[in-house]
Amino acid sequence: MMIFASCIILFLIGLYAIVTKRNLIKIAIGFAFIEYAINLLFALIGFKRDAIAPIITSLDAPHNFVDPIPQALVLTAIVIALGTTALMLTVILRIYNRFKTFDIAEIKKLKG
Amino acid sequence: MSFIPLFFALPLVSAFFIPILGKIYRPLVWIVSTVVSFILFILALYGTAVTQEIPMIVYKMGNWPPPLGIVMAFDSFSALMVLVISIIVFSGSLFSLRYMSHYTGQWKFYTLYMLITAGMMGVSITGDLFNMFVFLEIAAISSYALVAFGVDAEELEASFKYMVMGEIGGLTFLLTIALIYAKTSTLNLADISNSLQMIRGSTFFWTILGMLLFAFSIKAALVPFHSWLPDAHPAAPAPISSLLSGIFIKVLGLYTTARIVFNVFGLSRATDPLFFNILVGLGLLSIAFAGLTALNQGDYKRLLGFSSVSQIGYIMLGLGIGNYYGVAGALFFILAHALGKGLLFLTSGSVVHATGTRDLKKLAGLGERMSTTAWSFRFGALSLIGIPPLVGFFAKFFIIIGAAQAGFLWIAIVAILLSILTLAYLLKIENSVFMKKGKIEAKAAPFTMRIAMVFLVVLIVVIGIGFQPVMDFIVGPAAHALLKGLEYSHLVFSSFTMNF
């Protein structure tokens with residue numbers, strides 16, 4: 001149970017970075033934290049002690065294997081995270097070219 | 001060969017081919033996007049016709065049976081959403097031809113346009129929780145890129161703000177999926193709903209429901225989480241604003257909420273009045289707060305953005321009322337608001353295209369020079385305010401009947417009174433842009449733009465006058481599909497793919 005709680009703590013660290021940091025890059029890093037936390041949680045959900053990889057060659061072999069679905073989900077989630085992170089960093093770079101700063105407090109063209 | 005996968009496969013495939021075709025012959029990108037969206041419209045009509053006979057069509061991806069593989073579950077509610085998406089995508093695509101002509105890299109625009117369509121279509125027909133997340137992210141990532149499409153300072157800032165909020169919502173959804181999988185060992189919506197009934201009422205049950213509601217409220221821009229919408233929607237090019245405000249927030253925020261609350265968690269007003277009162281509260285808060293803020297805006301599109309937040313509140317209110325007329329009214333409102341707000345954003349695009357500004361103080365006297373745009377605006381605005389016989393009137397009317405039937409007479413009265421806010425802020429645009437006398441250089445909108453606007457005006461009038469068949473054949477069955485509640489899982493498991 002402790003190990004699951006640690007994932008949630010990692011999630012909250014990321015959320016803390018997003019909410020409080022003023023540097024755009026640090027906000028992007030906060031998102032990376034959250035993504036890792038969720039991927040780790042998925043991997044832990046599928047984990048079993050002393051289990052084998054879920055490749056079944058014969059039905060006589062012992063059937064103590066890890067759950068393969070969370071691993072497939074993690075792969076998909078990683079790809080999506082890659083897409084969002086890449087887009088976010090691109091936008092951050094473009095913002096830097098326009099405003100010459102990473103400080104979120106100085107990027108205030110929009111009102112309200 | 002089933003027609004269900006075509007809804008997301010067709011736009012995905014065309015998104016792949018558009019860059020290649022654009023290299024061969026540039027106008028081809030627009031032709032492909034318009035033709036594909038028109039085919040989707042026809043398919044959606046066909047799907048609506050099919051769901052009259054068969055309540056649930058299940059398509060098994062790779063022919064794996066439901067609890068194991070990914071299924072697409074197409075029922076009347078999905079049919080309604082798919083129909084509305086295709087209407088808005090088609091009119092937006094028509095409008096884009098001339099509006100996007102002064103942007104560079106048009107093939108990028110149409111590729112993203114098709115991807116966002118594929119994502120929304122996928123969300124509304126999938127029967128699998130993780131698959132829903134994937135489609136939701138496809139749509140969301142394309143929308144972040146489309147908001148930043150102009151790469152001006154404001155657009156980039158709006159896109160970043162939107163991305164941060166949207167990703168917090170999306171990742172919360174992913175975390176909830178992990179928790180649900182840990183508890184139920186399944187991702188199929190129907191199977192989840194069976195498993196959740198065993199732990200109904202436990203802390204876990206309410207925690208994940210709260211997390212999902214949080215995630216979808218961000219996507220739908222309900223009031224405590226709405227701050228990104230009035231920045232992001234105006235920053236996008238006009239056809240995209242029309243798509244985002246018209247249907248995107250509803251598919252990603254409200255369709256998902258309704259599906260999960262009614263069909264997966266199996267809640268109903270009879271069993272869980274407290275939860276539904278929370279939805280009603282969220283709805284009323286959005287209507288009042290965003291409506292009042294909209295009164296203060298001096299920017300054409302930003303005002304419409306706040307108006308969207310306010311109108312989303314009506315849909316949440318209808319879902320929260322939770323009886324047949326409330327839910328049917330909410331679904332009718334999805335259709336009405338998509339047509340009305342989609343149209344209003346297209347008129348804003350037409351004004352920006354002609355004059356280059358969207359500041360209400362600088363605009364004046366366009367009523368005579370751009371008469372098609374002005375009249376389209378008037379029809380859209382009257383429909384949103386709720387003037388009979390336009391479509392918006394019936395949507396609001398059913399919600400109010402539902403409220404009265406459920407014994408919330410005060411909600412019915414408040415909802416009517418708050419319509420005055422809609423009237424007030426839309427009159428502000430009408431007054432300063434179209435009525436006020438002034439000299440500003442403007443030519444009438446190009447032909448395809450006018451076609452796109454007139455198409456929506458015709459739909460607003462026709463669906464308004466013929467609301468009875470629409471209610472009987474499209475919206476009514478969708479509301480019944482939602483109110484069937486847990487029978488959803490039974491339908492998914494017992495349906496089999498036929499030759500559709």
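The sequence lines fix the lettering, A, B, ..., with proteins before strands; numbering per chain opens at 1.
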Between the main-chain N or O of B/Leu303 and the side-chain N or O of B/Ser307, is there a donor-acceptor pair closer than 3.5 Å?
no
How are the rings of B/Tyr162 and B/Phe248 set to each other: parallel, tilted or perpendicular (split at 30° and 60°)?
perpendicular
For the interface with chain A, which of B/Ser185, B/Ala178, B/Ala235, B/Pro234 has the highest count of heavy-atom pairs at distances below 4.5 Å?
B/Ala178
A/Leu41 versus chain B, heavy atoms under 4.5 Å apart: side chain, backbone, both or neither?
side chain
Quick check: do B/Leu174 and A/Phe42 have side-chain heavy atoms less than 4.5 Å from each other?
yes
Heavy atoms of A/Ala37 and A/Cys7 approach each other most closely as CB-O, 3.5 Å
With distance as the sole test, does B/Ser143 use its side chain to make a donor-acceptor pair with the main-chain N or O of B/Ala140 at under 3.5 Å?
yes
Taking only residues two or more places apart in sequence or in another chain, which ones pass salt bridge (charged side-chain N to carboxylate O under 4.0 Å, His left out) with A/Arg94?
none
Would you mind reporting whether B/Val147 and B/Glu155 have side-chain heavy atoms less than 4.5 Å apart?
no
So which of B/Ile141, B/Val151, B/Val134 has the biggest tally of heavy-atom pairs under 4.5 Å with chain A?
B/Val151
Donor-acceptor pair, side chain of B/Thr186 and main chain of B/Asp191, under 3.5 angstrom:
no
Segment of B/Leu187 engaging chain A (4.5 angstrom heavy-atom cut-off)
side chain
Residues from residues 208-219 of chain B approaching chain A under 4.5 Å (heavy atoms):
none
Apply side-chain contact (heavy atoms from CB on, under 4.5 Å) to B/Leu295 and B/Lys428, showing your working.
CA-CA 8 Å; B/Leu295 284 175; B/Lys428 187 176 175 183; 6.0 Å; no
Option that, when pairs with chain A are counted at under 4.5 Å, heavy atom only, ranks first among B/Tyr181, B/Tyr144, B/Phe133:
B/Tyr181
At their closest point, which heavy atom of B/Phe306 faces which heavy atom of B/Gln297, and how far apart are they?
CE1-NE2, 3.4 Å
Given heavy-atom pairs under 4.5 angstrom as the criterion, report whether the side chain, backbone, both or neither of A/Phe4 touches chain B.
neither
A cation-pi test, strictly: NZ or CZ of B/Lys183 under 6.0 Å from the centre of the six-membered ring of B/Phe204 and no more than 45 degrees from its axis. Yes or no?
yes
Using non-hydrogen atoms and a 4.5 Å limit, figure out which bit of A/Ile80 sits close to chain B: side chain, backbone, both or neither.
both
Need one label for B/Glu167: side chain, backbone, both or neither, based on atoms under 4.5 Å from any heavy atom in chain A.
both
If one checks every heavy atom of A/Ile92 against chain B at 4.5 Å, the contacting part turns out to be side chain
Using a heavy-atom distance cut-off of less than 4.5 Å, which residues of residues 21-33 of chain A contact chain B?
A/Leu24, A/Ile27, A/Phe31
Is there side-chain contact between B/Leu360 and B/Asp299, with at least one heavy-atom pair below 4.5 Å?
no
Counting only non-hydrogen atoms closer than 4.5 Å, does A/Asp67 touch chain B with its backbone (N, CA, C, O), its side chain (CB onward), both, or neither?
side chain
Side chains of B/Leu244 and B/Ile116: does their closest heavy-atom pair fall under 4.5 Å?
yes
Ring-plane angle category for B/Tyr113 and B/Tyr110, please: parallel below 30°, perpendicular beyond 60°, tilted otherwise.
perpendicular
Highest number of heavy-atom pairs under 4.5 Å with chain B among A/Ile95, A/Asn97, A/Ile38 belongs to A/Ile38
Closest non-hydrogen atom pair between A/Ile45 and B/Ala182, with its separation
CD1-CB, 3.7 Å
Looking only at B/Leu175, B/Ile168, B/Thr293, the option with the highest number of non-hydrogen pairs under 4.5 Å against chain A is B/Leu175
Pair B/Ser308-B/Phe345, side-chain contact (heavy atoms from CB on, under 4.5 Å): steps then yes or no
CA-CA 11 Å; B/Ser308 287; B/Phe345 267 114; 4.3 Å; yes
Check whether the side chains of B/Ser241 and B/Lys301 place a donor and an acceptor atom closer than 3.5 Å, and report yes or no.
yes
Positions in residues 69-79 of chain A that reach chain B, provided some heavy atom is under 4.5 Å away:
A/Ile69, A/Pro70, A/Leu73, A/Thr76, A/Ala77
A/Arg98 vs B/Asp152, test: side-chain contact (heavy atoms from CB on, under 4.5 Å). Steps then yes/no.
CA-CA 8 Å; A/Arg98 300 270 166 184; B/Asp152 269 343; 3.9 Å; yes
Step by step, work out the side-chain contact (heavy atoms from CB on, under 4.5 Å) result for A/Tyr96 and A/Thr101.
CA-CA 5 Å; A/Tyr96 183 76; A/Thr101 176; 5.5 Å; no
